[in-house]
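Let me begin by presenting the structure, written as structure tokens, before commenting on it.
FYI, the numbering just counts along the sequence from 1. Every heavy atom of this structure was used, including side-chain atoms; hydrogens, water molecules and symmetry mates were not.
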Amino acid sequence: FSGIISPSALLAAKEGRQLTLFPVDASLLSFARDGSSNYLSRLITEAMAAATGQRKGLDVGEWQSATKLVVQALAALVVRDKFQLPGTGVAVLDAASTRFPGFFAKQQKLSRSAIDATAEVIEILGNGINYCGVDSAVISRVYEDTVVTAAARAKQGIYYTPPELASRIALALPFEEIEPESRVVLDPACGSGTLLLAAHDRLARLFPLDSAASEKQGNLRAHLIGYDSDPFAAEIARLSLLAHSLPFEIGRAHV
């Protein structure tokens, strides 16, 4: 594989920071998933510190702005690496916004300070990891590992849903007995989107094999809805659905 796989990619895979060497599903590689999740959690912690200027006592608006900046930067890197788009710094966000305007629709014209912060966050999140091989379950899990403290988990009743359990729940739902247009999945406390991801796969398997990909993804987008009181969780859920459904953008998650 000389000349195909870079030394840095090989090292990242051996250390568990990179989920796979190739852009394939690696849901069975639990060690690699844990390693990449832990590494990405550390990167996001560092990115949040940069986005907030490491200030404490932020008000709600400032915190939400910082979380949105970090998640959009992460989404831009996922799109860049999965589609092999060029660009560094803020240009990564611009390229991703052009490719998926629906996901980045809320992005507004950035101030000079926001541009600088975004460039720094993208540099941090892009350090030592290629998002082409990072699956959506890893992104979803990062929310639990990075943002939710033990105190917040106890106070708000936040619990991490293992992907395997979410899949079993989705499998048990009698979707076949419901008319296709009425198969709407609403998660009123979606967290980082684990149940929505499972519902996506369950519903996707019910489409006829000859269904057009655009038709399938358009239907799924209209029938998967999530809400959460935590803006970071909602943004992570949107990103998880985006990464899970590329090259199409599907699913909705709201604060």
Taking all heavy atoms of [X] and all of [Y], pick out the closest pair and write down the distance.
X: G226; Y: L196; result: CA-CD1, 3.9 Å
X: N127; Y: Y39; result: O-OH, 2.7 Å
X: D228; Y: G191; result: OD2-N, 2.8 Å
X: I122; Y: G89; result: CD1-O, 3.1 Å
X: L197; Y: S240; result: CD2-O, 3.7 Å
X: A76; Y: L93; result: CB-CA, 3.8 Å

Report the distance from atom [atom1] of [X] to atom [atom2] of [Y], rounding to the nearest 0.5 Å.
X: L85; Y: R80; atom1: CG; atom2: CZ; value: 9.0 Å
X: L203; Y: F175; atom1: CG; atom2: CZ; value: 4.5 Å
X: T88; Y: E123; atom1: OG1; atom2: CD; value: 9.0 Å
X: L40; Y: R42; atom1: CG; atom2: CZ; value: 10.0 Å
X: C190; Y: L224; atom1: SG; atom2: CG; value: 11.0 Å
X: L125; Y: L77; atom1: CG; atom2: CG; value: 6.0 Å

Would you please name every residue forming a side-chain contact (heavy atoms from CB on, under 4.5 Å) with [X], sequence neighbours left out?
X: L186; value: I225, Y227
X: E46; value: I124
X: E179; value: S182
X: E181; value: N219, H223

According to a hydrophobic-cluster definition based on side-chain heavy atoms being under 4.5 Å apart (Ile, Leu, Val, Met, Phe, Trp, Tyr only), do L171 and F207 belong together? no

If two hydrophobic side chains count as joined below 4.5 Å and joins carry through other members, does V185 share a cluster with L206? yes

Please assess V79 against V92 for the test side-chain contact (heavy atoms from CB on, under 4.5 Å), listing each intermediate value before the final yes or no. CA-CA 9 Å; V79 171; V92 174; over 6 Å; no

[X]: partners by side chain to side chain donor-acceptor pair (under 3.5 Å), with sequence neighbours left out:
X: E176; result: R202
X: E120; result: none
X: R183; result: none

Before you tell me yes or no, could you show the steps for L242 and V78 under side-chain contact (heavy atoms from CB on, under 4.5 Å), namely the whole-Å CA-CA distance, both residues' side-chain angles and the distance that decides it to 0.1 Å? CA-CA 9 Å; L242 173 71; V78 169; 5.8 Å; no

Close side-chain approach of [X] and [Y], heavy atoms under 4.5 Å:
X: D230; Y: T67; answer: no
X: F83; Y: R99; answer: yes
X: D201; Y: H244; answer: yes
X: R168; Y: E164; answer: no

Option passing side chain to side chain contact (heavy atoms under 4.5 Å, CB included) with L69 (candidates T118, L74, T52): T118

Cluster companions of I169 among Ile, Leu, Val, Met, Phe, Trp, Tyr (side-chain spacing under 4.5 Å): L165, L195

Who are the salt bridge (Lys or Arg N to Asp or Glu O under 4.0 Å) partners of D116, not counting sequence neighbours? R112

